[in-house]
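Below is one structure, written out as structure tokens, with a few remarks after it.
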Amino acid sequence: MNKEEYLLLYEKVLAGKCTPQEEQQLLTYLDDFELQDLPWDAEQMGDKQQTRDTIYRQLHPHINSEQQIRIKPSYSIIRWMAAAVALLGISFVAYMLYHQPVVQQPALVKTQQPKPLKNDALPGGNKAILTLANGARIILDSARKGKLAQQGNTVIGKTANGQIVYDATKMPATPANNPDAIALNTITTPRGGQYNITLADGTRVWLNAASSLTFPASFTGKERAVTLTGEAYFEVAKNKEMPFKVQVNKMVVQVLGTHFNVMAYTDERKMVTTLLEGSVKINNGAREAVLKPGQQAIAAENDNYLKVQQANLEEAIAWKNGYFLFDNENIQSIMRKVSRWYNVDITYTGNMQNKDFDGTVSRFKNVTEVLKMLELTGAIHFKVEEGRIIVMP
């Protein structure tokens, strides 16, 4: 297959006109030709990270579940994310051939959820509560689109595709000494929830399940400071005069404008900051480190440990792109992710040592389908009860 034939087939996938045989042909053909090293033209091609997300979302619905999921013990690693990388490369070729901008997709993708079986659990979705400075609470997943509230000079609105946007451009400026100027708001996702919000400075934040972000309705002063619990992906708007800081327990992540992910759940033994673009400075009170793209910092809350290492970027932001991606990951860590996303409790019986797994699986499957894929390894078994999963060797 030459690249022109590939592009025609790829366009059929995007249009939903691909046969199962053609989808298989598309997946098995990864990269038979070399791509030129081309600069990214943001004006014509759109935001680089958003374009990458679009490729993932277009790929997801067209992969047959049996082909997509390969979860095996760590001695037999299989990488299916290469297909997504190949599609990203193809998007560059399509641009050079046709000089057309990439069509952006909504940031919050509505998925058709499967019907649950008895004692099954549905995947999470776009659920969150916004708490305003005066204590008023807005349930975002059921709120209507349009203006939701106003804090000082900032209008809080919900777009047609479900995003929450803080807009301070349509109102007169609020004096810095006015309490409304620093009104703190908090967006909180439950177990089984996620959400996307745009802050008043233009910074975009994706919150994972069981997470919260506290932030001012508008940014004033010398810095832009927010507080995170749980996990979030940030695309920070550039402003050299006002550095952006994320407070996570005792750790501070400082940036000027960049894309990064922070994972800092209270039930995890480590906090992980992964950098995709730009640069960030990590300070845990005792040590400091500057990350380069492709690196991650691992910190522990209760000591002075801070380690910088190369990151698996696909794994770090797989949740944002609609996947679980396990890279030599133990069963306890996997089940913590399952618990947060499916809103279920986890109990263990028997020996859980040496139960490490690799593979990818969609976050939009019922929990029993995810567990069945893990059971195919023969290394682990599950019993599903209402609201609870029992893990057995």
Side-chain angles (χ1 to χ4, degrees), residues 20 23-24 27-28 30 56 59-85 113-114 116-124 191-192 208-209 231 263 265 267-270 272 311-393:
E23 290 179 15
Q24 177 61 37
L27 286 172
T28 54
L30 292 180
Y56 275 102
L59 174 65
H60 169 70
H62 297 281
I63 301 179
N64 178 276
S65 60
E66 294 301 318
Q67 299 165 344
Q68 180 186 1
I69 304 166
R70 295 291 188 273
I71 302 179
K72 295 185 177 181
S74 58
Y75 54 78
S76 181
I77 299 175
I78 296 180
R79 300 286 187 191
W80 283 94
M81 296 304 292
V85 176
Q113 294 187 335
L117 302 174
K118 184 179 180 180
N119 292 336
D120 204 348
L122 288 172
R191 291 202 308 179
N208 202 351
E231 183 169 19
M263 189 282 293
Y265 286 107
D267 60 351
E268 298 288 351
R269 298 177 60 184
K270 59 186 179 181
V272 182
N312 181 336
L313 299 183
E314 288 82 6
E315 178 191 20
I317 63 170
W319 69 268
K320 174 177 172 287
N321 294 321
Y323 292 89
F324 294 110
L325 196 160
F326 311 129
D327 184 7
N328 195 29
E329 190 165 352
N330 64 60
I331 189 62
Q332 292 90 344
S333 176
I334 291 173
M335 296 312 294
R336 285 194 294 271
K337 294 178 179 179
V338 169
S339 173
R340 288 190 287 263
W341 185 237
Y342 290 95
N343 189 19
V344 293
D345 296 325
I346 308 296
T347 58
Y348 299 89
T349 63
N351 184 2
M352 292 295 122
Q353 294 182 354
N354 301 319
K355 306 293 185 183
D356 298 337
F357 298 84
D358 292 79
T360 62
V361 56
S362 168
R363 285 185 12 136
F364 296 106
K365 292 182 176 295
N366 286 357
V367 71
T368 52
E369 296 186 57
V370 176
L371 301 180
K372 286 178 182 178
M373 294 303 105
L374 285 162
E375 285 184 327
L376 288 176
T377 65
I380 202 78
H381 299 86
F382 305 93
K383 180 180 180 181
V384 181
E385 300 178 348
E386 185 174 357
R388 185 167 71 123
I389 297 174
I390 302 172
V391 186
M392 304 169 290

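For this chain, numbers begin at 1 and follow the sequence in order. The figures here come from the full heavy-atom set of this structure, side chains too, leaving out hydrogens, waters and symmetry mates.
- Counting only heavy atoms from C-beta outward, the side chains of Thr349 and Val391 never approach each other to under 4.5 Å.
- Residues Asp120 and Glu369 are not in side-chain contact: their nearest non-hydrogen atoms beyond the backbone lie 4.5 Å or more apart.
- Side-chain atoms of Arg363 do not come within 3.5 Å of backbone N or O of Pro123 as any donor-acceptor pair.
- Inter-residue side-chain proximity for Ile390 and Phe382 is flagged as unmet; no heavy-atom pair is nearer than 4.5 Å.
- Ala318 and Leu325 get closest at one heavy-atom pair: CB-CB, 3.7 Å.
- Here the shortest heavy-atom pairing between Trp341 and Ala209 reads CE3-CB, 4.1 Å.
- Of the possible donor and acceptor atoms, one in the side chain of Asn330 sits under 3.5 Å from a partner among the backbone N and O of Gln332.
- Judged by a 6.0 Å distance limit and a 45° cone about the ring axis, Arg340 is positioned over the six-membered ring of Tyr265.
- When each of Ile331, Thr360, Asp356, Val361 is tested with Phe326 by the rule side-chain contact (heavy atoms from CB on, under 4.5 Å), just one qualifies, namely Val361.
- Contact detail for Val370 and Ser362: the closest heavy-atom pair is CG2-O, 4.2 Å.
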- request: Given side chain to side chain contact (heavy atoms under 4.5 Å, CB included), test Leu371 with Met335 step by step and report yes or no.
  value: CA-CA 10 Å; Leu371 301 180; Met335 296 312 294; 4.2 Å; yes
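- Contact detail for Asn328 and Asp358: the closest heavy-atom pair is N-OD2, 2.7 Å.
- Closest non-hydrogen pair, Met392 versus Met352, comes out as C-CE, 3.7 Å.
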query: Going through the checks in order, is the side chain to side chain contact (heavy atoms under 4.5 Å, CB included) test met by Tyr342 and Ile389?
result: CA-CA 10 Å; Tyr342 290 95; Ile389 297 174; over 6 Å; no
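- Side-chain contact between Lys355 and Thr377 is absent, with no heavy-atom pair separated by less than 4.5 Å.
- Glu386 contributes atom CD, which lies 11.5 Å from atom CG of Asp345 (distance to the nearest 0.5 angstrom).
- A salt bridge links Glu329 to Lys337: one of the charged nitrogens lies within less than 4.0 Å of a carboxylate oxygen.
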- request: Might you work through the side chain to side chain contact (heavy atoms under 4.5 Å, CB included) test for Ser333 and Arg336, ending with a clear yes or no?
  value: CA-CA 5 Å; Ser333 176; Arg336 285 194 294 271; 3.7 Å; yes
